[in-house]
Each structure stands twice: as structure tokens, then as C-alpha cells.
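The structure appears below as C-alpha cells.
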There are 2 protein chains.
Amino acid sequence: MNSDDEISPPGEGKRERKRRETLARITDVGLRLFLQRGYDATTLDEIAAEAGISRRTFFHYFKSKDEILLSLQSDMGLRIVRALEDEPADKPPLEAIRDAVLEVCNTIPADEMLAIDRLMRASPVVQARKLASYVEHEATLYAALRRKWPGEQRQLALRLVSMMSIGALRLSTDAYHREDGARPFGDLLREAFAALGGEANP
Amino acid sequence: MNSDDEISPPGEGKRERKRRETLARITDVGLRLFLQRGYDATTLDEIAAEAGISRRTFFHYFKSKDEILLSLQSDMGLRIVRALEDEPADKPPLEAIRDAVLEVCNTIPADEMLAIDRLMRASPVVQARKLASYVEHEATLYAALRRKWPGEQRQLALRLVSMMSIGALRLSTDAYHREDGARPFGDLLREAFAALGGEANP
DNA sequence: CCTGATTGTTGCACTCAGTGCAATTATCAA
DNA sequence: TTGATAATTGCACTGAGTGCAACAATCAGG
């Protein structure tokens with residue numbers, strides 16, 4: 001059994017546990033340092049040192065520096081899709097997605113959200129990869145939609161829905177940043193969905 | 001006057017001309033080497049040497065290696081908007097954009113288009129920045145649309161149009177790559193626009 | 001508990017992208 | 001011709017990312 005008194009998921013060996021812990025430690029430390037000193041000013045040496053690993057080992061956990069931030073982003077995508085699956089199947093797709101996004105975003109502190117967003121805008125490469133990950137989210141979302149509403153005849157309707165949903169997410173995130181978090185993110189998101197949904201079904 | 005017998009735009013000094021020429025030389029050489037040896041395998045030293053400049057000077061023309069490829073991408077955006085301005089104002093927006101994109105794409109050899117696309121997929125960062133540039137195109141397109149159809153009451157309709165147009169461009173580029181250029185790009189683009197347009201105005 | 005296989009960690013040396021600085025050279029406007 | 005402005009370059013430096021080979025931790029089975 002576990003020689004240390006650590007709580008860990010059943011059937012998880014020491015190897016897997018250590019790996020999971022180290023991974024979490026890297027992202028935590030990384031995010032903290034990025035927020036403290038800025039993305040560019042933080043070196044991998046610092047992150048590695050603070051996380052208690054060697055610089056070389058870092059690359060066994062992440063392919064590159066920006067993947068620390070990107071992992072947060074792709075987490076979001078997965079969580080949204082998972083929340084979507086819990087939505088009732090008789091809700092209109094656009095509303096179901098909107099509510100799934102709302103639910104996930106409610107679990108993230110507003111100030112942290114803004115801070116991370118600002119962080120990502122600081123580096124062109126990170127910003128680009130963030131936008132690119134939206135495109136991946138679109139594909140993931142489309143796949144989830146087809147799973148949830150397989151009866152839908154025209155697949156393109158769902159394509160359009162996923163494009164619009166991710167578009168709405170993009171627009172509201174943008175607006176949230178532009179007005180510096182003045183209004184709650186949920187309101188902006190609802191507005192964006194309402195506007196796009198209204199346009200699409202006049 | 002021009003001491004060399006070079007044809008150059010009127011009112012263009014020697015400085016501007018040399019700069020323009022060097023810029024063109026870098027992109028040409030860069031693209032050629034990338035296609036020959038691959039993106040990662042081509043170093044800036046090689047590009048600079050082949051273009052007859054020093055490595056250091058390269059950075060006075062491009063901020064980074066990937067901007068060589070990105071400049072091609074942003075050129076596309078500008079050319080599409082310019083072509084859009086020549087379209088008759090009484091054509092429905094979606095059709096006008098479709099035709100503008102078609103016109104611009106007709107000027108690019110199909111094989112070169114495929115090759116560049118493959119090139120960009122080879123590097124995650126370049127690919128990401130390409131996708132990110134789609135987002136910029138969307139903004140540029142939206143601005144152009146508002147200029148062309150200022151009468152339109154609901155600006156969100158135009159937002160949606162630009163989102164869908166760039167979406168269609170993305171989808172068809174993707175399909176073109178997936179089927180390795182089997183069908184002409186124009187056909188794919190027309191299909192995508194038709195499908196999305198059909199969905200939006202049932 | 002021991003053992004051999006597997007997997008994780010590390011240091012080292014290396015390549016290459018990108019930057020800051022300061023010296024030199026080319027172009028310009030007058 | 002000259003003084004200002006902008007382009008080019010070399011040099012030295014930082015930091016990301018990789019390949020390799022040695023070493024340590026974990027595991028599964030006897």
C-alpha cells in the first residue's frame with residue numbers, strides 16, 4: 001500500500017501519483033511566476049527550480065514553455081464539453097452550450113480569469129496558440145454536439161452552431177477584457193449568445 | 001533621378017526601393033528554402049546568406065522567422081478586402097465576399113497553395129499564428145463590411161457574416177488539404193458558402 | 001526480499017532564435 | 001558639401017529546446 005499517508009485515487013501507483021503531483025506543481029508554480037514577473041521575464045530555470053525539478057525534466061512534462069498556459073486553455077474545452085453532456089437533450093443546442101459555458105466559467109474566479117487573459121496577450125505566440133485552441137474547441141464541440149443530437153439531419157446546422165458558440169465565447173472574452181471586467185462575464189456571454197442566436201433565427 | 005536603370009514607382013527614393021527589394025528577396029528565398037528543406041531545418045543564417053544580408057539585418061525586416069510565412073497570410077486578408085470593395089454594393093454580402101475570395105484565390109497556383117499550407121502545418125507555432133490571423137481577417141473583414149454597407153441596422157448581422165465567411169474559408173482550406181487538392185479549391189469554397197448561407201437563411 | 005525490466009530524472013554539450021549596443025555606411029534634404 | 005537620418009553589420013549575450021548517456025526510482029514476478 002501507500003507508504004506515505006497521502007490520499008490518492010485507487011489503483012494509482014506511486015509512479016502515476018508522483019507524475020500527477022509534479023505536473024500540478026509545475027503549472028501552479030509557472031502560473032504564479034508568470035503573474036508575478038510576466039511571461040517573458042520568467043525563465044524555465046526559475047520555474048524548474050521552484051518546482052523542485054531540473055530544467056531538463058521540465059521538458060518531460062511540457063513540450064514548451066507556452067504549453068503551461070495552453071494546458072489551462074485546453075482544460076477549459078474539455079470541461080465545457082463535459083458540462084454540455086449533463087445538459088437536458090431537449091434544450092435547444094445554443095442554449096445548452098451557453099449554459100454549459102456559464103457553468104464552467106462560474107467555477108473560475110473573475111480576477112484570475114482576467115489576469116490569465118492579460119498574460120496571454122503579452123506574448124504573441126501564446127496569444128496565437130490560444131486563438132488556435134479556440135479552433136480545436138470548435139471541433140471538439142462539434143463532435144460532442146453530434147453525439148448529443150445524432151438525429152439532426154443537417155450536420156452543417158451543428159457546424160454552424162459550434163462556430164457561433166465559439167465565436168460568442170471569443171467575442172465575450174474580448175469584451176470582458178476590453179472593459180476590464182466592469183460587467184460580469186456571464187452577462188456578456190448571455191448577450192453575445194442572445195445576439196447571435198437572434199440573428200440566426202429571425 | 002534614378003542613377004540605375006531600374007523601373008520603380010514614381011516618387012520612390014532609393015531607400016524605399018532597396019527596402020522593398022530586400023523584403024521581397026527575403027520572402028522569396030525564405031519560402032524557397034522552407035519548401036526545399038522544411039521549415040525547422042532552415043536556419044535564419046541560411047536565409048540571410050542566400051538573401052545577401054547579415055543575420056542581424058533580417059530582424060530589421062521581420063520580427064521573427066515565422067513572420068516570413070505570416071506575411072503571406074496577412075497579404076491574403078488585405079487582397080480579399082480590396083477585391084471586396086470592387087464588388088457591386090447590391091450583391092448580398094455573403095455572395096460578394098465569396099466572389100472576392102474566389103477572385104483572389106484564382107491568382108494563386110493551386111500547388112503552391114497546397115505546399116504553403118503543408119508547410120504551415122509542420123510547425124505548431126506557425127500553424128497557430130495562421131489560425132490566429134484568421135481572427136484578424138475576421139476583424140478586417142467586418143470593418144470593410146461596415147464601410148460597404150453602412151445602412152445595415154444591426155451590426156451583429158455583419159459580425160455574423162464575417163464570422164461565417166472566415167469560417168467557410170477555414171473549412172474549405174481544411175477540406176482542400178484533407179483531400180490533397182483532388183477537387184479545385186473554388187468548388188469547395190462555393191460549397192462551404194452555399195451550405196452556411198443556406199443554414200443561416202432558411 | 002531479490003532481480004531484471006521499465007520508466008523517470010538529471011547533467012552536459014550543443015544548436016538556434018532573438019535582443020541590445022555601438023560602430024560604420026548609405027541615403028537624404030538643403 | 002554637410003549634417004541629419006536611417007540602414008547595415010558584428011559582437012556578445014540570454015534563453016528555449018534537443019540528443020545523449022548515465023543514474024535512480026518503481027514495478028511485476030518469482
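Order of the sequence lines sets the chain letters (A, B, ...), proteins ahead of strands, with each chain counted from 1.
- Arg37(A) places its CZ atom 17 Å from the P atom of dT14(D), with the value rounded to the nearest Å.
- Under the 3.5 Å distance criterion, with hydrogens and angles disregarded, no donor-acceptor pair is assigned to the side chains of Ser165(B) and Ser162(B).
- The NE2-C1' distance, from His60(B) to dT9(D), rounds to 9 Å in whole Å.
- Side-chain contact of Arg79(A) with Thr107(A): a donor-acceptor pair under 3.5 Å is present, judged by distance alone.
- Of the charged side-chain nitrogens involved, at least one lies within less than 4.0 Å of a carboxylate oxygen, so that Glu21(A) and Arg17(A) count as a salt-bridged pair.
- Out of dT26(D), dT10(C), dG17(D), the shortest distance to the side chain of Lys14(A) is found at dT26(D).
- For the pair Lys65(B) and Phe59(B), the cation-pi criterion (under 6.0 Å, within 45° of the ring axis) is not fulfilled.
- Phe59(A) places its CZ atom 16 Å from the C1' atom of dC20(D), with the value rounded to the nearest Å.
- Taking the six-membered ring where the residue is Trp, Tyr176(B) and Phe185(B) present perpendicular rings, their angle passing 60° and hence far from 30°.
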Could you go through residues 88-97 of chain B and list every donor-acceptor pair under 3.5 Å that involves a side-chain atom there, pairing it with any protein atom two or more places apart or in another chain?
{"from": "Lys91(B)", "atom 1": "NZ", "to": "Glu87(B)", "atom 2": "OE1", "distance (Å)": "2.8"}
{"from": "Lys91(B)", "atom 1": "NZ", "to": "Asp99(B)", "atom 2": "OD2", "distance (Å)": "2.5"}

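- A residue-by-residue look at Lys65(B) and Lys18(B) shows that Lys65(B) has its nearest nucleotide of DNA chain C further toward the 5' end.
- One can place CZ of Arg19(A) at 17 Å from P of dA25(D), the figure rounded to the nearest angstrom.
- Straight-line distance from the CD atom of Glu16(A) to the P atom of dA28(D): 9 Å, rounded to whole Å.
- One atom, CG of Asp45(B), and another, P of dG10(D), lie 11 Å apart when rounded to the nearest Å.
- Taking the C1' atoms of five terminal pairs at each end of the helix from dT9(C)-dA22(D) to dA30(C)-dT1(D), the two resulting helix axes are inclined by 30°, rounded to 10°.
- Taking atom CD of Glu46(B) as the reference point, atom P of dT15(C) lies 14 Å away to the nearest angstrom.
- Side-chain atoms of Arg15(A) come within donor-acceptor range of the base of dT6(C), with a qualifying N/O pair under 3.5 Å.
- Relative to the six-membered ring of Tyr39(B), Arg121(B) misses at least one condition, a distance below 6.0 Å or an angle of at most 45° to the axis.
- Side-chain N/O atoms of Thr43(B) include none lying less than 4.0 angstrom from OP1 or OP2 on dC16(C).
- Between the OH atom of Tyr39(A) and the P atom of dG15(D) there is a distance of 14 Å, given to the nearest Å.
- If you find the closest nucleotide of DNA chain D to Leu44(A) and to Arg56(A), the one lying nearer the 5' end belongs to Leu44(A).
- Considering only the side chain of Ser64(B), dG18(C) comes nearest among dG18(C), dA16(D), dT9(D).
- A close approach under 4.0 Å does occur between a side-chain nitrogen or oxygen of Ser54(A) and OP1 or OP2 of dT10(C).
- When the nearest nucleotides of DNA chain C are assigned to Tyr61(A) and Arg55(A) by heavy-atom distance, the more 5′-ward of the two goes with Tyr61(A).
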